[in-house]
Amino acid sequence: LAEEHDHWRFDGLSNILFLLVILGAVFINNLFINPPPFLREALMIGAAVGSYFTTKKSVHSSNHFNFHPIQEVAILFIGIFATMMPALDWLQNNAQMILGKAPPPGFFYWGSGILSSVLDNAPTYLSFLSAIFGSFIDHETIAQVQQLVQNGGADLATVAEPVRHTFEALQKYFGAHLAAKTIGKEEIEIAYLLGNAELNNFIVAISVGAVFFGANTYIGNGPNFMVKSIADHEKVHSPHFLEYIFKWALPIMVPMLVIIWWIFFRH
């Protein structure tokens, strides 16, 4: 007897469009000199709402969809960011007293990395960025750059080298905002670090540390925690907290992280 052919069907195809909208919204601020406030967030929320209401309930049911995993992550993030802002200001103002003589980039790599293993990487990155601001930023140079921004760079040829390098970094990384004279103090401080060859490696160190170490534990990054929650909800086996660390993170991740430190941040 001839067997009946299988029929292939793709339900929820419209969600690919909503996914593209979300990906495009990430870069929306780079497309406009003065984008409307919260345009990026509005596009993401709109895409999420559109996806939810246009997807068939049978698709949600087949995938056992619910909001429990994202609720856990949302509560965690709200608690973290609501309590850390005063701490960031204090850290920036007292970084030199805490750290003393400026430590090498390796300190920031391991420091941001270890904390990112047990905290989310975004607040960890912000904490160490505040420490770098407090340790290395020359406020006199920042003030001179602010004046240079307002006069459109007219005195660029006569300013000191750190001021010129900072302004050139603004042109490279924040060109549209610089042309519109909408540059804020934080952008100038970032440009000061990026434009100084001796300091930009500190930005690289905390960026690499905060991102790469996030896979060491389930709580090292918000999506890790959410994926673990989804797997548990679907009764899919995943190693428990300590098993993941000792079976996967320590024998596989840590040697790679040491190699990265040895090559890029040892000196």
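Numbering starts at 1 and runs along the sequence shown.
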CE on Met84 to OG1 on Thr124, rounded to 0.5 Å = 7.5 Å

message = Looking only at the aromatic ring of each residue, does the gap between the centers of Phe65 and Phe67 stay below 6.0 angstrom?
response = yes

Neighbour count >12 (heavy atoms, 6.0 Å) for atom NZ, Lys57 = yes

inquiry  = For a 4.5 angstrom cut-off between non-hydrogen side-chain atoms, does Val227 reach Tyr218?
reply    = no

message = Which label fits Phe128 and Phe108: parallel for a plane angle under 30°, tilted from 30 to 60°, or perpendicular past 60°?
response = perpendicular

task = Specify the closest pair of heavy atoms between Ala25 and Met44, including all atoms of both residues, with the distance to one decimal.
result = CB-CG, 3.9 Å

Shortest non-hydrogen contact between Leu88 and Ser127, atoms and distance = CD2-CA, 3.4 Å

ask   = Where does the angle between the aromatic ring planes of Phe136 and Phe202 fall among parallel (under 30°), tilted (30 to 60°) and perpendicular (over 60°)?
value = tilted

inquiry  = Would you say CD of Glu198 has more than 12 non-hydrogen atoms from neighbouring residues, nucleotides or ligands within 6.0 angstrom?
reply    = no

Nearest atoms (heavy-atom pairs only) where Leu39 meets Ile28 = CD2-CG1, 3.8 Å

query = Is the ring centre of His60 less than 6.0 Å from the ring centre of Tyr52?
reply = yes

Atom of Ala210, atom of Asn121 and distance for their closest heavy-atom approach = O-CB, 2.8 Å

note = The reported gap from OG in Ser135 to CG in Leu193 (rounded to nearest 0.5 angstrom) is 10.0 Å

key: Flag side-chain contact, heavy atom, 4.5 Å: Glu168 against His165   = yes

task = Using the side-chain contact (heavy atoms from CB on, under 4.5 Å) rule, pick out the option among Ile137, Ile142, Val145 that qualifies with Lys185.
result = Ile142

task = Flag this pair as yes if the NZ/CZ of Lys247 is under 6.0 angstrom from the six-membered ring centre of Phe241 and inside a 45 degree cone about the axis; otherwise no.
result = no

key: Minimum heavy-atom distance between Ser238 and Lys228, given as atom pair plus value   = OG-NZ, 2.9 Å

Smallest separation among heavy atoms of Asn216 and Ile245, with atom names = O-CG1, 3.8 Å

inquiry  = Can a side-chain donor-acceptor contact be found between Asp11 and Ser58 if the only test is distance below 3.5 angstrom?
reply    = no

query = Parallel, tilted or perpendicular: which describes the rings of Phe213 and Tyr109, with under 30° parallel and over 60° perpendicular?
reply = perpendicular

